[in-house]
Colleague: 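Below: one structure in structure tokens.
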Amino acid sequence: MKSIVVTIDGPAGAGKTTVSKRLAKALGYRYVDTGALYRGVAFEANAAGIHADDDEGLKTLCEKLDLKLVLSEQGLRLLSGGHDISEDIRTPAMSMMASAVSARPVVRAYLLGLQRKLAMEKGVVFEGRDMGTVVFPEAEMKFYLDASPEVRAYRRYLELKDSKAVTLEQVETDLRKRDENDSSRALAPLKPADDAVKIDATPIQVDDVIQTMMNHIKSKISE
Ligand code: DC
């Protein structure tokens, strides 16, 4: 069976991470969370006091950034200059900052090269916003996973509520704002690739989403 590149795009909270991890495991593929890279840039910009609209500052920052995604016993971790920042990037503030810096061409250009290097060897599942449209337009299998804003906000709330003081209302407001930022930006906006298989996860369980995707992938890799 041939190895391929699988892309999964879609808005925040649609279940991309859960689905991507499980697909990668079932296929024996690597899994790459590209949102973590945008969050890494946001975290370092914030730490250096650089605003999301300061293109010069972001450019200088990106030139010296050293972001690495590594697989450890705890799963996929994000290292910046050798420090593990995987937990620090998962706050609501970092979600909003990542969305803001991701609209800046200088940041997208920096991460484009880094992401493409990660696909030198096939057999990878990439999750993000523009994987199928911009970063890997030649990917053999593309999915666009969506769900209603209410379902996505509730899912994100359940993930955050134990560790962070958040309300469902706040999570939904942030998520809708991020949807708006990510889909309306000029460069690489969130949208399905023309050849993506679109899946609405609102009425179905994650197991069914994975089963549907596996059926599509199997027919691709046995072609
Ligand atoms: O997937 P996530 O929620 O961790 O992503 C955080 C932000 O990063 C998201 O709001 C938009 C941006 N992003 C992007 O622009 N392109 C990607 N491929 C992945 C994430």
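Read the numbers this way: they start at 1 and go in the same order the structure lists the ligands and their atoms.
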Colleague: Taking Asp179 first and then Arg152, would you say they form a salt bridge - that is, a charged N and a carboxylate O separated by under 4.0 Å?
Modeller: yes

Colleague: Would you call Glu180 and Arg176 a salt bridge, using N to O less than 4.0 angstrom?
Modeller: no

Colleague: Select one of side chain, backbone, both or neither to describe which atoms of Ser99 lie under 4.0 Å from any atom of ligand 1, heavy atoms only.
Modeller: both

Colleague: Verify the neighbour count for atom CG of Asn215: are there more than 12 heavy atoms of other residues, nucleotides or ligands below 6.0 Å?
Modeller: yes

Colleague: Considering heavy atoms of the protein only, find what lies nearest to atom 6 (C) of ligand 1 and give residue, atom and distance to 0.1 Å.
Modeller: Arg178 NH1, 3.5 Å

Colleague: Any link between Ile199 and Leu23 through a network of hydrophobic side chains (Ile, Leu, Val, Met, Phe, Trp, Tyr) touching at under 4.5 Å?
Modeller: yes

Colleague: Run down the list Met94, Gln115, Arg129, Met96 and name the one with the heavy atom closest to atom 1 (O) of ligand 1.
Modeller: Arg129

Colleague: So which atom in Ile85 and which in Glu44 form the shortest heavy-atom distance, rounded to 0.1 Å?
Modeller: CD1-OE2, 4.5 Å

Colleague: Look only at interatomic distance and state if Ser95 has a nitrogen or oxygen under 3.5 Å from any nitrogen or oxygen of ligand 1.
Modeller: no

Colleague: For atom 8 (O) of ligand 1, find the nearest protein heavy atom and state the residue, atom name and distance (0.1 Å precision).
Modeller: Tyr38 CB, 3.4 Å

Colleague: Arg185 to ligand 1: N or O pair under 3.5 Å?
Modeller: yes

Colleague: Please determine if Asp33 has a nitrogen or oxygen closer than 3.5 Å to a nitrogen or oxygen of ligand 1.
Modeller: no

Colleague: Is there at least one pair of N or O atoms, one from Arg156 and one from ligand 1, spaced under 3.5 Å apart?
Modeller: no

Colleague: Would you mind listing which atoms of ligand 1 come within a distance below 4.0 Å of any non-hydrogen atom of Ala98?
Modeller: 6 (C), 7 (C)

Colleague: Under a 4.0 Å N-O cut-off, is there an ion pair linking Asp9 with Lys142?
Modeller: no

Colleague: May I ask you to check whether Arg108 has an N/O atom sitting below 3.5 Å from an N/O atom of ligand 1?
Modeller: yes

Colleague: Mark up the atoms of ligand 1 that fall under 4.0 Å of a heavy atom belonging to Met131, in ascending order.
Modeller: 18 (N)

Colleague: Output the list of atoms in ligand 1 that are nearer than 4.0 Å to some heavy atom of Ser102, sorted by atom number.
Modeller: 11 (C), 12 (C), 15 (O)

Colleague: Looking at Lys2, I'd like to know if its NZ atom is crowded, meaning that more than 12 non-hydrogen atoms belonging to other residues, nucleotides or ligands lie closer than 6.0 Å.
Modeller: yes

Colleague: Heavy-atom contacts with Asp130 under 4.0 Å: which atoms of ligand 1 show up? List them by number with element.
Modeller: 16 (N), 17 (C), 18 (N)

Colleague: Any idea which protein heavy atom is nearest atom 4 (O) of ligand 1, and the distance to it?
Modeller: Arg39 NE, 2.6 Å

Colleague: Do Met214 and Leu27 touch side chain to side chain, with heavy atoms closer than 4.5 Å?
Modeller: yes

Colleague: Which of parallel (below 30°), tilted (30 to 60°) and perpendicular (above 60°) describes His216 and Phe143?
Modeller: perpendicular

